[in-house]
Amino acid sequence: MEVKTSLLDNMIGVGDMVLLEPLNEDSFIENLRNRFDHNEIYTYIGSVVISMNPYRSLPIYTPQKVEEYRNRNFYELSPHIYALADEAYRSLRDQDKDQCILITGESGAGKTEASKLVMSYVAAVCGKGQEVNKVKEQLLQSNPVLEAFGNAKTMRNDNSSRFGKYMDIEFDFKGDPLGGVISNYLLEKSRVCKQPRGERNFHIFYQLLSGASDDTLMKLKLDRDFSKYNYLSLDSANVNGLDDAASFRTVRNAMQIVGFMEAEVQSVLELVAAVLKLGNIEFKPESRINGFDESRVKDKNDLKEMCELLGIEQSVLERAFSYRTVEAKMEKMSTTLNVAQAYYARDALAKNLYSRLFSWLVTRINESIKAQAKTRHKVMGVLDIYGFEIFEDNSFEQFIINYCNEKLQQIFIELTLREEQEEYIREDIEWTNIEYFNNAVICDLIENNQNGILAMLDEECLRPGTVTDDTFLDKLNTICAEHQHFESRLSKNSKFLTDHSLPHSCFRIQHYAGKVLYRVEGFVDKNNDLLYRDLSQAMYKATHSLMRQLFPEGNPAKVNLKRPPTAGFQFKASVGVLMKNLQTKNPNYIRCIKPNDKKVAHIFTDSLVCHQVRYLGLMENVRVRRAGYAFRQPYESCLERYKMLCKKTWPQWRGPTRDGVEVLLTDCSVPSEEFAYGRSKIFIRNPRTLFTLEERRRACLEDLATLIQKIYRGWKSRTHFLLLKKSQVVVAAWYRRYAQQNKYQKIKSATLVMQSFIRGWKARNILRQLKYEKRCKEAVTTIAAYWHGTQARMELRRLKTEARNKRAVSVIWAYWQGTKVRREYRKFFRANAGKKIYDFTIQRIMQKYFLGLKTTTMSPMDNTWPTQPYGFLEGAHTELRRIFHLWRCKKYRGQFTEEKKSVYEEKLEASEIFKDKKALYPSSVSQPFKGDYLEIQKNPKYQKLNGAVEEKVLLADLVNKINRANGKGSPRLFLLTKSNFVLADQKTGQVKASVPLPDLASVSVSTQSDGFFALKLKEGSASASKGDFLLSSEHLIEIITKLHRIGTTAADRDQINIDISDEFLVQFKQDKIVAVAARNLQHAQEFAKKHNIPRAYGSYEELAKDSDIDVVYVGTIHSHHLSTGKLFLTSHKNVLIEKPLAMNLREVLELTNTAKENDVFLMEAIWTRFFPVSVEVGRLLGQGEVGEVQMVRADLGAPLTHIPRLTHRELGGGALLDLGIYCLQFVFMVFNGERPESIQATGYCIDTGVDGTVVLVLKFSGNRMAVCTCSITMMLTNDAVISGTKGTIKVPNHMWCPTSLEVNGEVTQYPLPEPSLPLNFIHSTGLRYEAEEVRQCLLKELKESSGMPWAHSHLLAEVMDEARRQVGVTYNQDNI
C-alpha cells in the first residue's frame, strides 16, 4: 500500500513561505533561520525554491533521494531542488513544454552547485544507453572545463563564477538528452590583469603551474613559482580546500571526454602560458628627437618566449607595443606610444586574448555537445548568472550585472503574474488585479535607445573630441536629472546639501533591490574595450593554430575601418536575446542565499540574509503569490488528506470528489469567503484557514490513532491466545507420536535380535555340512596323488638303471681304444714332440693377430691401426698396414663416377694453388664444386643465353662486376667454357662481353678472405681494348681452379698464371668520347667544334654502331626523342637527354624502362651558371664523404608542401639535383633581372616516370603568377642543408648566388664560370600525386589570380592547357 505524504507533514517551520503567518520580513528571516538550523536548506515560495548554502556536505543528494523524488508531485515531499528539477523534466517530457530554470543569487550563494545538481538529477532520471550516457557525460564534464577558465577565488567565494552561463539541454520525444548549447555572458576579463586584495586570478593559471608535468612546463616555457608572474596575486595563491594539481588533472580528463583533441588542448595551454608571459613584459621610456617619449621593452626574454609560443615574429609584436597606426578612408598615420599607453596596450591584449580564448572554448564545447539530429527537440534551459551586486566600490561591471538582474526581475514578475492569471482562468476563478512594483521604469532608464544610460555611454564613446568619464557624468546629469530613480550631486532628486555620502564623480540608481552608488571612473574605457589594430594584425600573423580564429579583424585583406561595437551594446543585445528565449519557455526559479560571509557552516547572519532577501525580491514574490489565494490543491488530494474530519466522508467517499470536498468544508464550518471552487482544485484564501484544518486533522489523527491502538491490542491478545491453543494441540500430538515411535522401535529391535540368532544357527549347520563334504573330496584326491607318484618313481628308477648300463659300455670301449693308441704312439713321440708344439703355438699366435686386424675400418681417412703384439712381427706389421691402406683406397676409388672423380681432382688442384696462401680457402674445402649454380640448361629464363653459347658450360655463376667509373658493383652472369668466358646481363640474359681464354694473361687475387679477383687480359689482344675485369664472387676458389685447370689441360695455349698478392694492378679502358647527335651532319659538326668533341655523325644509325661511343647527347630541338632515344639505349649507349619538352609522360616512362632493360643510364642535362657548387656537392655525396644522406632540408620563405624525403640512393650516380635553378631563372626573366618585392610559393610533387618533379606555383607582387616544373626543385630564401651520418653540407644563400660551399665547418669559395653542362643521374622517386590532382590544384590557383600565367616546361602540357581553357586565360608562348 502506497503511503500518501505531503509538504505539511513533519514540517519544520513553514516549508512554503506562501503559508507563512504573519507575513513580514522578521518572520520570513526567522523561518529561514529555523529551517537552516535543522539542516533544511530548501524552502518554497509557491513553485520557487529558496536554497541556502550550507557550506558543507549534506546526505540529501544520494541515489536513494533521487528515486524518492522521481515522478512525485511537487508538494508531495519536503522542499528540495530535486522536486523542482523533476517537475520541470516531467513537464518537458510529458506535456511537451520547453522549460527554463533560472538560478540567481550573489557570489558564494551556491548557484553553480545548484546548476550541477539540476543537471545531475536530470541525467540520473532520463533514459539509458551507450549513446545517451555519452551525451550525459559530455554535458556534465563541460562544467569542470568552464569552471577552470571562468571561475576564480574571491573574497566571498572560493569558486566564484566570473561569467554568466546559460545552457540549453535538448531532449528527444522520449526525454533522452541529445545534446546542448552553452551561451556565456560578460566574462570578467579585467581580472586577468588585476585582482582585488585577497582574491585570485582565474583557476586555470594556478592549476597549470601546480598540476602540469615538468616536461609540459618546459615546452610552455613556464616555472612553478607563482611569484615570477605579475598577473598572479601572491597573498591568496594557495586556498585551503582547493587542490590545484588534482583540479588540473580533472580538467584535462574532462576536456578529453568532451571531445578536445590533444593538439587543441596543447594550443589552449600555450595561449594560457602566453598570457602569463605577457604580464611580465615591462617598458621603459626612450626620448626621440621631436621631444616625445617612446616606449621600449626592457627585458626581451619574456617577449621572445611569448612570440615563440604564439609563432609570431618578435619584431612585429615589439613594434605593435611602440607604435599605433590610425587609418581613415584613404589615410594612414602612425604615432608612437608612451610607457603608459604601452602598458594599456599590453593589458588590453592580455584581456582580449583570454576572453576570446574563453569564447572559443565555449564554441568548441558546443560543437562537441550539440545535437546531431535535425528534428525538433524539447529544450530545458539552465541559467546560472550573477546575482545583484552592491559593493563599496561599484564600477562598470556591477552596473552591467545589476542591469541584467533588473531584466530578470522584470521577466520574473511578468511570468509569475501570467502563471497566476492563467491558472485562475483555467480553474474559472475570478481574477483580481494585483498591485506590485513594476521595475520597467528602471530598465527603461538604463536601456532606452534615446535617453538610456547605455545609449548615452555609447554616444559619448563615439563622439569626436575629448571624451572622459566626467563628460559622461555631465551628460547624465543633463538628461537624467529629473528621473525619479537617478541621483547625482547635480540632479534634482539628490539632496546634495545634506547628503554628503554622494561624491562628485558618482551617480546613484534606485534599483528594485535598493540604491546602488556607481563610480564613473573607467566607464568609458571599459565600454570601449579597444584593442589597437596593430596588435590585432600582429596576432593574425602568428602561426599558432588558434590565433586567426581569435583575431579575424587582424586580416589585412579584410580591413574594416568601422568602430567595433561597445561592450555595453553587445551585452544589451545578448540580454535581449536571452529574455526572448526565456519568454518562450516555462520558467522555474531557484533563489540562492548565502548565510554568512565567513564561508563556514552553522552560522546564520541575519543582516546578510535580510539584505539578500530584499534585493532578490522574495517578499515581493510572496505577496504576489498571496495576492489571490494563498493555497490551492486538487480535489482528490484535499479529500484524501482531510476526509477524517467529516463522518460522511470517512473512511471512504463514494461520490464525485468535488462533492466530497463541499460536504467536508460545510461540515467543518469553513466560511465561504475563505475558499473558492475551481474546475479541478480547491482554492484557500487565508493560510490561517489551512492551518485550522491541519490542527483539526492532527487532533482527529490522535483519536484515530487511539482507536487503532485499541483494536490492535485486542487483535494482538486474541492472536496470542489462539496461538497458545494451537500450540498445546500441536505439542500433545507430537508427544503421542513420540511415545508410539519409541514403543515401535523397541519391538522392532527385539524382533531383529531373534531373527539374527535363528539365521546364525541355520548358517552354522550348513557350514558344518559343507566342511564334511569338502574333507571327503580332499581325501580321495590325496590318495590318488600318492598312488600316481609311487608309479612314476618306480618307472624313473628303471630308466636310470638302463642309462647307466649303456654309458658304462661306451666308457669301457673308449678306455680300451685309448690304451691301444697310446701303446702305438709311444714309439714316435720322443723324436717329433718339440717341433709340433712350436708350430702349433706359432699358428695360434698368428691366428689371434689376424683376428685382431678385423676391427680396422674401411675409410681411407681413418689412420688408426692395431699395436704390434710381438717383436718378430715388426716388418710384417708395417707392410701389412701399407698394403691394407692401398687396398682400401683402391676399393674406395672403385665406387667413384667419372664426374665425381673430376671434382676431387679439382679439389686437389685447388689445394695445390690456395692452401696456406688464401685466407678464404679453408672455408671452401667442405663446399663441393657444383659448377652450374644457375642451372642454365633447365632455367627457361636463360634459354636465349644458352643458345648464344655454343660450347658446354663448365661453370655458371652470378658475380658482381665492379664499375670502372664509381666503384659500385652491378650483377652479371659469369659463364666459363673450354675456350672462353662470357659476362651477361642478369635480367635480360644479353651477352655483355665474351673473352677468349687465350686472351687471358693472368688472374690476380688477394691473400684475404674477400671474393675479389681480377681477370687481366694480354696487351695487344682483341679483348684488351675493354680493359681488365674486376669481379667479385662467393665461389672465387672454384672459378679460379677451373680457369687454371682448363689452361693446364689445353695444349694450344699457355698456362694461366695465378697471382696471389695483396697488391695488384688492374688496367681499365681509357675514357671514351661523348658524341653529339643533331638533325644533320653540319649541325653535329658545329656543336662538336664548339664543345671540342672530336667526332660527329650525320646518321644516328652510324653513331649507334660506334663501339667507342659510350654516352650520346640528344639536343632539346629534336622532336623525335622516343625513337632516337630507344635506338641508342638498345645499342647499350648511355643517353644524355635535355628536358624532353616535346614528350608526354607515357613516352618518358617508355624511355626509362628501355634504359633499365638494357642496363644503361638515362641522364638529364640542366644548364646552370652554378655548376661548380653542384658538381662539388655531387662529388661529396658520390664518394660518401658525408655518409648515407638522411635528409635534404631547406629553410623556405613560404613552405612547400609534400617535399619528398631523399636519400643518397635516390639521388643516383653521385650528382645533386640543382635546387631552385629553374625558379631563379624564371624570376629573373619575369622581372628583367630585378628581385621582386614578395614571392609566395605553393609546391606539389608528381612522378614523371624519369624523376620526381616539383610543380611550383609562384605568386608575385602585382597579382602576377607563374607555374614552373623542375626536378626535385625547391625555391629557397635561406641556406640549403644536407645532413648525413658523417657530417653536413651547407649551401648558403642558394636562391641568389651560391659561390661558396661549407662541409663540416670548412668553407670553400668558387668563382662564377660560364654556363656548363652537368650530368644528373636520375632515379625514380616514386609517385607523389596523380596528374588529375595537380590539375585541380592549378585550376584553383589560376582562378584566384588575374595575372598572366607562364609555364616553364611542357612536362604537364595537357594539364596546363586544360586549366587555361577552364579559367579562360590566354597564354603567350613568346613570354617564356
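Judged by distance alone, with hydrogens and angles left aside, the side-chain atoms of Arg881 form no donor-acceptor pair with the main-chain N or O of Ala876 at under 3.5 Å. Formation of a donor-acceptor pair under 3.5 Å by the Lys1018 side chain with backbone atoms of Pro998 is found in this model. When atom types are taken as modelled, the side chain of Ser924 and the backbone of Tyr921 share a donor-acceptor pair closer than 3.5 angstrom. Remark: the backbone N or O of Leu975 is not paired with any side-chain donor or acceptor of Asp957 at under 3.5 angstrom. No side-chain donor-acceptor contact under 3.5 Å links Lys1016 to the backbone of Ser1004. For the pair Asp1010 (side chain) and Ser1006 (backbone), a donor-acceptor distance under 3.5 Å is absent.
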*Does the side-chain contact (heavy atoms from CB on, under 4.5 Å) test come out yes or no for Leu1000 and Val995, once each step is laid out?*
CA-CA 8 Å; Leu1000 182 61; Val995 179; 5.5 Å; no
_Phe1012/Leu1031 under side-chain contact (heavy atoms from CB on, under 4.5 Å): CA gap, chis, key distance, verdict_ = CA-CA 6 Å; Phe1012 290 99; Leu1031 307 175; over 6 Å; no
*Please step through side-chain contact (heavy atoms from CB on, under 4.5 Å) for the pair Gln986 and Arg972, ending with a clear verdict.*
CA-CA 5 Å; Gln986 178 196 7; Arg972 292 286 186 269; over 6 Å; no
*Before giving the answer on side-chain contact (heavy atoms from CB on, under 4.5 Å), spell out for Asp1059 and Ser1002 the whole-Å C-alpha distance, their side-chain angles and the decisive distance to 0.1 Å.*
CA-CA 7 Å; Asp1059 180 20; Ser1002 63; 5.5 Å; no
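Ser911 contributes atom OG, which lies 13.5 Å from atom CD of Glu906 (distance to the nearest 0.5 angstrom). To the nearest 0.5 Å, atoms CG (Leu955) and CZ (Phe929) are separated by 10.0 Å. Note that the CG atom of Asp932 and the CG atom of Leu976 stand 11.5 Å from one another [nearest 0.5 Å]. One finds the CD1 atom of Ile1056 at 13.5 Å from the NZ atom of Lys1042 (value rounded to the nearest 0.5 Å). Atoms OH and CG, from Tyr849 and Leu880 in turn, are 5.0 Å apart once rounded to the nearest 0.5 Å. For the atom pair CG (Asp1028) and CD1 (Ile962), the distance works out to 14.0 Å, reported to the nearest 0.5 Å.
Every ring pair (Phe, Tyr, Trp, His ring centres under 6.0 Å) that Tyr892 has, sequence neighbours left out, goes to Phe896. Applying the ring pair (Phe, Tyr, Trp, His ring centres under 6.0 Å) test to His1044 and every residue at least two apart in sequence or in another chain returns nothing. Glu879 meets the salt bridge (charged side-chain N to carboxylate O under 4.0 Å, His left out) test with Arg882; sequence neighbours excluded. Residues passing the side chain to side chain contact (heavy atoms under 4.5 Å, CB included) test with Trp813 are Trp816, Gln817, sequence neighbours excluded.
None of Leu983, Leu934, Val982 except one satisfies the side-chain contact (heavy atoms from CB on, under 4.5 Å) rule with Leu973; the exception is Leu934.
Residues Leu958 and Pro971 share a closest heavy-atom pair of CD1-CB, 4.2 Å. Across all non-hydrogen atoms, the minimal contact from Ala910 to Ile1037 is CB-CG2, 4.1 Å. Considering every non-hydrogen atom in both Ala919 and Ser1009, the closest pair reads CB-N, 3.9 Å. Between Ile1046 and Lys978, the shortest heavy-atom distance links the atoms CG2-O, 3.5 Å.
Side-chain contact check for Asn960 and Ser970: no donor-acceptor pair (N or O, by modelled atom type) lies under 3.5 Å. No donor-acceptor contact under 3.5 angstrom links the side chains of Glu1034 and Tyr933, judged on distance only. Checking Trp865 against His877 by side-chain atom types alone, a donor-acceptor pair falls below 3.5 Å. No side-chain N or O of Thr977 forms a donor-acceptor pair with one of Lys952 less than 3.5 Å apart.
Among pairs with a residue in residues 799-818, those fulfilling salt bridge (Lys or Arg N to Asp or Glu O under 4.0 Å) read Arg798-Glu802, at least two apart in sequence or across chains. Every pair passing salt bridge (Lys or Arg N to Asp or Glu O under 4.0 Å) that includes a residue from residues 908-917 is listed here, sequence neighbours excluded: Glu909-Arg1045.
The shortest side-chain heavy-atom distance between Phe981 and Leu1015 falls under the 4.5 Å cut-off. Two residues are said to be in side-chain contact when any heavy atoms from C-beta on lie closer than 4.5 Å; Phe914 and Thr1041 meet this criterion.
Shown here is Lys891, whose NZ atom has no more than 12 heavy atoms of other residues, nucleotides or ligands within 6.0 Å.
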